[in-house]
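So that the names make sense, note that chain A is the first sequence line, chain B the second, and so on, each numbered from 1.
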There are 2 protein chains.
Amino acid sequence: MTNLPAKELIRIFPLFDIALADFIHEKGESKIFEPGEVLMRPGQYFKYAMLIVDGKVKLYREGEEGEEFFMYYLERGNACALSMLCMARSESSTVMALAQEKTEVIMIPIQYMDTLMREYAAWYHFVIETYRARFEELLTVVDQIAFKNMDERLEWYLDKQAKTLGKDLQLTHQQIANDINSSREVVSRLLKKLENSGRVTMERNIIHWKG
Amino acid sequence: MTNLPAKELIRIFPLFDIALADFIHEKGESKIFEPGEVLMRPGQYFKYAMLIVDGKVKLYREGEEGEEFFMYYLERGNACALSMLCMARSESSTVMALAQEKTEVIMIPIQYMDTLMREYAAWYHFVIETYRARFEELLTVVDQIAFKNMDERLEWYLDKQAKTLGKDLQLTHQQIANDINSSREVVSRLLKKLENSGRVTMERNIIHWKG
DNA sequence: TGCTAATTGTGATTTTTGTCACAAGGGCTG
DNA sequence: CAGCCCTTGTGACAAAAATCACAATTAGCA
């Protein structure tokens with residue numbers, strides 16, 4: 001049982017209808033993740049589908065030698081597509097999900113999936129829209145790394161960050177390098193170029209992105 | 001109405017049960033695509049979910065300047081995740097799907113989706129498994145281009161090709177270069193290396209892959 | 001058979017990216 | 001305020017990949 005009334009759920013998840021919101025309110029379990037806490041790690045099996053009520057979750061793929069590659073953020077109103085996909089077959093996850101800030105999540109136990117799918121049209125519309133959005137997002141990631149050079153990829157990355165975290169990004173060059181799988185020096189140099197062309201200004205630990 | 005009896009459908013799509021197979025047999029429409037024919041192109045809207053009965057379909061992402069990047073093949077027993085995802089909202093496609101050989105497809109009109117989802121548990125299990133498999137596949141693609149060098153990517157590519165098309169690959173170096181978004185010369189040189197190390201032998205237009 | 005187009009091989013060069021080395025500065029703590 | 005760690009800047013170099021140029025070979029077909 002969540003602490004969120006059905007009406008509030010519908011505000012956060014616009015695809016829900018009353019019946020579904022009631023069900024989720026009843027059967028879902030609220031949980032808070034603190035910044036830095038892991039929601040999901042590679043190899044983990046799922047017992048819950050996860051809906052993000054508030055906060056931000058960073059999803060990234062881990063390479064064999066511990067590299068990491070940023071994929072996207074989940075925020076208010078999103079759901080973790082992988083938790084829903086893998087759950088349905090008790091498959092294990094292949095990506096890492098980390099609470100970026102204090103994050104409130106509704107966890108829906110696996111045993112309700114059949115009922116939800118069968119009896120709540122709004123639910124499977126929501127599920128399908130979730131998959132679609134994430135698949136689309138992942139395709140744009142492929143575009144970037146397949147077709148673009150570092151300078152464009154960096155701009156795209158900053159833009160994406162700014163859209164979810166705001167224009168003033170608290171990031172070190174090293175963190176950026178990790179996220180886009182480049183090196184600190186390269187990022188530093190490219191940022192300098194962007195600064196010269198007026199697209200960013202920089203302070204220690206902060207990058208101000210100007211669209 | 002398809003020409004495939006329900007029992008045959010279950011053989012091809014093991015997640016189907018009798019009830020579902022009957023429904024698909026009744027409402028699905030068989031269609032043949034000739035080699036080179038387009039099943040789906042960027043910007044196209046969907047009226048059908050597509051299930052592959054036989055043949056092979058090549059899926060690739062198109063870049064802004066006409067580059068193409070190979071993602072994966074669909075074959076017997078697979079379904080096109082995108083046709084199902086986008087259909088649910090009549091979104092347009094973002095990838096290109098091309099019949100690689102003569103391909104038989106069952107097309108299920110969009111208006112049956114709600115019924116299928118609600119009344120056939122086997123259907124949504126199938127749908128979810130389809131999404132999961134494709135998402136997973138796309139993640140491995142990201143791994144490759146994010147973390148690996150061309151030599152490893154080429155090996156991975158050849159391995160993937162061999163798994164669906166067999167060990168004797170009718171490909172020119174140029175075609176490979178297009179698929180992995182590299183250049184012909186680079187591919188030629190890397191193939192020479194692989195040949196020297198005994199992992200492939202080459203003829204004109206053919207590459208014999210040795211695991 | 002002989003010509004032509006497609007395919008492949010390879011050296012030289014350039015561009016892009018990553019790595020190494022080291023310096024400068026900021027900010028925090030003892 | 002002294003020391004230290006973290007962050008950033010930058011030059012020099014190395015590695016990976018793309019591009020350019022051109023030769024050699026093969027297959028198809030006129």
Side-chain angles (χ1 to χ4, degrees), chain A residues 36 63-70 141-158 161 168-209, chain B residues 36 63-70 141-158 161 168-209:
Chain A
E64 287 164 5
E65 280 103 32
E67 319 96 307
E68 53 189 62
F69 190 89
F70 170 70
V141 170
V142 170
D143 277 357
Q144 291 297 316
I145 48 183
F147 300 134
K148 308 290 190 184
N149 287 351
M150 269 305 162
D151 51 352
E152 290 184 89
R153 283 175 52 194
L154 177 61
E155 288 190 44
W156 184 76
Y157 169 84
L158 292 172
Q161 293 290 319
D168 304 314
L169 299 163
Q170 286 206 22
L171 292 165
T172 67
H173 300 181
Q174 185 62 62
Q175 286 175 300
I176 296 174
N178 292 341
D179 278 357
I180 63 179
N181 198 51
S182 178
S183 71
R184 201 262 312 161
E185 297 90 324
V186 171
V187 171
S188 278
R189 278 188 261 261
L190 292 176
L191 279 172
K192 206 94 229 81
K193 271 198 210 166
L194 285 176
E195 192 173 42
N196 292 336
S197 72
R199 315 223 23 204
V200 299
T201 53
M202 291 192 280
E203 297 172 56
R204 189 188 172 87
N205 291 317
I206 299 177
I207 290 161
H208 303 279
W209 175 246
Chain B
E64 286 163 6
E65 280 102 32
E67 319 98 306
E68 53 190 61
F69 190 89
F70 170 71
V141 170
V142 170
D143 278 356
Q144 291 296 316
I145 48 183
F147 300 133
K148 309 289 189 184
N149 287 349
M150 268 305 163
D151 51 353
E152 290 185 270
R153 283 175 52 193
L154 176 61
E155 288 191 44
W156 185 76
Y157 169 84
L158 291 173
Q161 293 289 319
D168 304 314
L169 299 163
Q170 286 205 21
L171 292 166
T172 67
H173 301 181
Q174 185 62 63
Q175 286 176 300
I176 296 173
N178 292 341
D179 278 357
I180 63 179
N181 198 51
S182 177
S183 71
R184 201 261 313 160
E185 297 91 322
V186 171
V187 171
S188 278
R189 278 188 261 261
L190 292 176
L191 279 172
K192 224 19 11 351
K193 271 199 211 165
L194 286 176
E195 192 173 42
N196 291 338
S197 72
R199 316 229 14 209
V200 299
T201 54
M202 291 192 280
E203 297 173 56
R204 191 189 174 85
N205 291 318
I206 300 176
I207 290 161
H208 304 278
W209 175 246

For chain B, the stretch of DNA chain C it reaches, first to last nucleotide, under 4.0 Å of its heavy atoms:
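Under 4.0 Å from chain B, the extent on DNA chain C is C/dA6 to C/dA12.
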For A/Asp151, give me all partners under side chain to side chain donor-acceptor pair (under 3.5 Å), at least two apart in sequence or on another chain.
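Here no residue qualifies.
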Once side chain to side chain donor-acceptor pair (under 3.5 Å) is applied, do any residues pair with A/Asn181, and if so which ones, sequence neighbours excluded?
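None.
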Separation between [atom1] of [X] and [atom2] of [Y], rounded to the nearest 0.5 Å:
X        : Y        : atom1 : atom2 : result
B/Arg184 : B/Asn178 : CZ    : CG    : 11.5 Å
B/Met150 : B/Leu190 : CE    : CG    : 8.5 Å
B/Ile206 : B/Thr201 : CD1   : OG1   : 9.5 Å

Hey, mind stepping through B/Glu67 and A/Lys148 against salt bridge (charged side-chain N to carboxylate O under 4.0 Å, His left out) and telling me if it holds?
CA-CA 11 Å; B/Glu67 319 98 306; A/Lys148 308 290 190 184; over 6 Å; no
Under 4.0 Å from OP1 or OP2 of D/dA18: is there any side-chain N or O of B/Ser182 that close?
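It does, given that an N or O in the side chain of B/Ser182 lies less than 4.0 Å from OP1 or OP2 of D/dA18.
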Contact string for nucleotides 7-15 of chain D, one letter per nucleotide 5' to 3', B = base within protein heavy-atom range under 4.0 Å, S = sugar-phosphate only, - = neither, reads SBBBBB---
Where along residues 141-156 of chain A does a heavy atom fall under 4.0 Å from DNA chain C?
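Within this stretch, A/Asn149, A/Met150 sit under 4.0 Å of the strand.
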Please check if atom CD in A/Gln170 has more than 12 non-hydrogen atoms from other residues, nucleotides or ligands closer than 6.0 Å.
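Count not over threshold, so no.
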When the axes are fitted on five pairs at both termini, how much does the helix from C/dT1-D/dA30 to C/dG30-D/dC1 curve, in 10° steps?
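Computed angle between terminal axes is 20°.
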